[in-house]
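Below is one structure, written out as structure tokens, with a few remarks after it.
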Amino acid sequence: MAFHLSSTPPSSQSPHLHSFPPNPPHPLFSSSAQILHLSSPFLSSWKHKNPIKTPLPSLSSPPPKPLLPLHTPTKVSLQDPSPQTSLDSDSQSLDGQKPKTPSKNSIWINPNSPRAARLRHHSSDSRYARFAALAASLDSSDPTDAAVAAAISALADRPTEQDAVTVLNCMENSANAVLALRWFQNNIKINKEVILYNVTVKVLRKSKNWDGVEALWKEMLERGVKPDNVTFSTIISCAGFCNLPEKAVEWFEKMPEFACSPDYVTYSAMIDAYGRSGNIEKALGLYDRARQEKWRLDPVTFATVIRVYSHSGNFDGALNVYEEMKALGVKPNVVIYNTLLDAMGRAGRPWQVKTIFKEMDKKGVVPNRATYAALLRSYCKARYAEDALSVYRQMKEKGMEMNVILYNMLMSMCADIGCVDEAAEIFAEMKGLPDDCKPDSWSYSALITAYSCSGKVLEAEGLLNEMLEAGYQPNIFVLTSIIQCYGKARQTDDVVRSFDKLLELRITPDDRFCGCLLNVLTQTQTEELGKVINCIERANVKLGSLVKLLVDEGSANEAVKQEAEELFENISNEVKKAYCNCLIDFCVNLNQSEKACVLLDMALRLEIYTDLQSKSPTQWSLHVRGLSLGAALTALHVWMNDLSKALENGEELPPLLGIHTGHGKHKYSEKGLASVFESHLRELNAPFHEAPDKVGWFLTTKIAANSWLESRNLSESVSA
DNA sequence: AGTTCTCTCA
């Protein structure tokens, strides 16, 4: 028996714009793709589907107007700047540029901060804008009583109690917020001191400063200020943010002592606090109680429970809550929809994301930035490229801020599906954005992966250098990509050099990294195998010894079996299939078909490959979808032997026999697998033919199969 | 003046 992986990899790849099931594995570690390298057809097919001249017009050509107008700083000043003021400001800088430090009368607000968002929201409210400006000034003051006093008197003339609440509510710097609270307590007339404490606690929550909250609480009690329900729900939610569920319970239980009784907001905060700290049972228990006892439940509570379910991986639970909510007559708002969209995105159910988004539109709920961000995340994760890119364009059109994470997800998706050009364009766009949107290590990593996957060695190397210049150390992800890249280009010495770099950086190779080395091994010329095997040995001793057994023609099958089983006990589940695919391909490359069968057998026993063969009264089938070419051919060989045995035992074949290679709608390889598989079937004189009406299937009849199996047996017995 | 929407295979 001999079969070889003789054909060169096909260079076409099917687009998987709407892959189903979603979330195919990362191409670097894809369980099936590695000997069938396929590069980027996405762009062309996408262009074809969309009669637009350039796929990403706003990326490739300079836009007529700013794409992200929100990145333009919003100038907020206390008074309308008088000409004199402007002159003063300008005169501070010799080069005619805006002074770096804000002049006394104008405050520059980070346009990406939540404060800026609130400011835009309240843009018609000049009073709000004035106090937001004061809050910004207070945040950046020195943390001293004097500096805080100076900031307040510079920007606010005789603030009222209401002004104080507004200012504190806008602040972010917790130390200064406490000092500002102190100033207001000492300098203005206050009727409801508890409110000032409550808003200050909110500032502490922003920085997760639990100790500060406890200190304020103590101080309140000492001053005889009586906490109210708002105090409790704020403190409970703070405990939740700080991952201190026991503190949340402690304050919840303190309520009666202060003549407060929990209301629906308190319960919502408690459910949230439990949920955030991983107490799923308790969170859901509280929700159940709330329903049974017919407490008032509002959309916020439902959104919280949906999130608790979604983060615990129970996505149907999340949907159920949504149904329950509608059944109870509570109208879903934008936050509910956003939470649901996020949940279905996490679940990897982009089709449900679409349905929910449509429903939202039908009900007239206006999507906001969080909605679009959730859509983008879902589509990127599911590699619904067309949809993701469309959402991205819509966000830009609507002036909604992207951020580094969203950009990175978009780039990773492009990399995963082979859209190098798009990834590069997005990267270039990021470079032109303000600092907080500049490419970070993830961005570099994503584009390096994109280059690596499509064999652009020089580009990948260039970007790696750029990344180093930008001050980022290469991490395991980048080095995995680079090694993949060199392996594919058969630059074995560079593979070794990069591997040494990894060890030099004291990075411990993980299972995926070793899988990448294995994959490189399947692409390495015989005379250089030793170099790669040496790396594998250093990365993972067990894997190294298994590989050496496979290379050694004298090694016993039993030894291979034992070593492989030991190895597979110790690697993570997500890489097992990829390892099997590579190891079997390696055996096939080495002409060690028996060892390939040993490994295939083990993979079946460990249920790494499942349901390779199936039998119905009308059809027997072989399913090789998701297998590498070598593994698929090994499985075919085993199947043929099984069929012959069945005939020998006097069994009758069914009317139809079929081989399923996959329909090529997703993953990198299936289309490739089908075409390469077909040529191997021809070499074997196997009478299977591509089914015209069933994509990804090769079929034959009982009669043709019978005579083929007979002639095959005959020739084998002759040669024996 | 209170509870929810936030992130990447790290």
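In what follows, chains carry the letters A, B, and so on, assigned in the order in which the sequence lines appear, proteins first and then strands, with residues in each chain numbered from 1.
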Length of the line joining A:Ile195:CD1 and B:dA1:P, which is rounded to integer Å: 8 Å
Starting at atom CE of A:Met400, determine the distance to atom C1' of B:dC7, rounded to an integer number of angstrom. 16 Å
Which part of the nucleic acid does A:Thr304 contact within heavy-atom distance under 4.0 Å: base, sugar-phosphate only, or nothing? sugar-phosphate
A:Arg276 NZ/CZ over A:Phe241 ring centroid, <6.0 Å and within 45° of normal: yes
How close or far is atom C1' of B:dT8 from atom CG of A:Asn475, stated in whole angstroms? 12 Å
How about A:Tyr444 and A:Tyr472: are their ring centres within less than 6.0 Å of each other? yes
In whole angstroms, how far is the P atom of B:dT4 from the NE2 atom of A:His311? 12 Å
Please report the distance, rounded to the nearest Å, between CZ in A:Arg307 and P in B:dT6. 10 Å
To the nearest angstrom, the CG-P distance between A:Asn191 and B:dA1 comes to 15 Å
Check: A:Asp228 side chain, B:dG2 base, donor-acceptor under 3.5 Å: no
What does A:Thr231 touch in the nucleic acid at a heavy-atom separation under 4.0 angstrom: a base, only the sugar-phosphate, or nothing? nothing
Measuring from the side chain of A:Met409 (C-beta onward, heavy atoms only), which nucleotide among B:dT8, B:dG2, B:dT6 has the closest atom? B:dT8
Of the nucleotides B:dT8, B:dT6, B:dA1, which one has an atom closest to the side chain of A:Arg369? B:dT6
Base, sugar-phosphate, or nothing for A:Asp272, non-hydrogen atoms under 4.0 angstrom? sugar-phosphate
Quick one: side chain to side chain donor-acceptor pair (under 3.5 Å) partners of A:Gln394, sequence neighbours excluded? A:Ser390
Between B:dT3, B:dC7, B:dT8, which one does the side chain of A:Asp440 approach most closely? B:dT8
What does A:Asn333 touch in the nucleic acid at a heavy-atom separation under 4.0 angstrom: a base, only the sugar-phosphate, or nothing? nothing
Of B:dC7, B:dT4, B:dA1, the nucleotide closest to the side chain of A:Arg346 is B:dC7
Whole angstrom is fine here: how far is it from CZ in A:Phe241 over to C1' in B:dT3? 9 Å
B:dT3, B:dG2, B:dT8: which one has an atom nearest the side-chain heavy atoms of A:Ala269? B:dT3
Ranking B:dC5, B:dT6, B:dA1 by distance to the side chain of A:Arg276, first place goes to B:dC5
Would you state whether a donor and an acceptor, one from the side chain of A:Ser233 and one from the base of B:dG2, lie under 3.5 Å apart? yes
Remember a base hit wins even if backbone is also touched, and classify A:Arg377 as base, sugar-phosphate or nothing at under 4.0 Å, heavy atoms. base
Atom OH of A:Tyr309 and atom C1' of B:dT4 are separated, to the nearest Å, by 17 Å
Geometric class of the A:Tyr372/A:Phe357 ring pair [parallel <30°, tilted 30-60°, perpendicular >60°]: perpendicular
Of the options B:dA1, B:dC7, B:dT4, whose atoms approach the side-chain atoms of A:Ala303 most closely? B:dT4
Measure from the ring center of A:Phe232 to the ring center of A:Trp217 and say whether it is less than 6.0 Å. yes
Can you tell which of B:dG2, B:dT4, B:dT3 lies closest to the side chain of A:Arg205? B:dT3
Check side chain to side chain donor-acceptor pair (under 3.5 Å) between A:Asn338 and all other residues, then give those that pass, not counting sequence neighbours. A:Asn368, A:Thr371
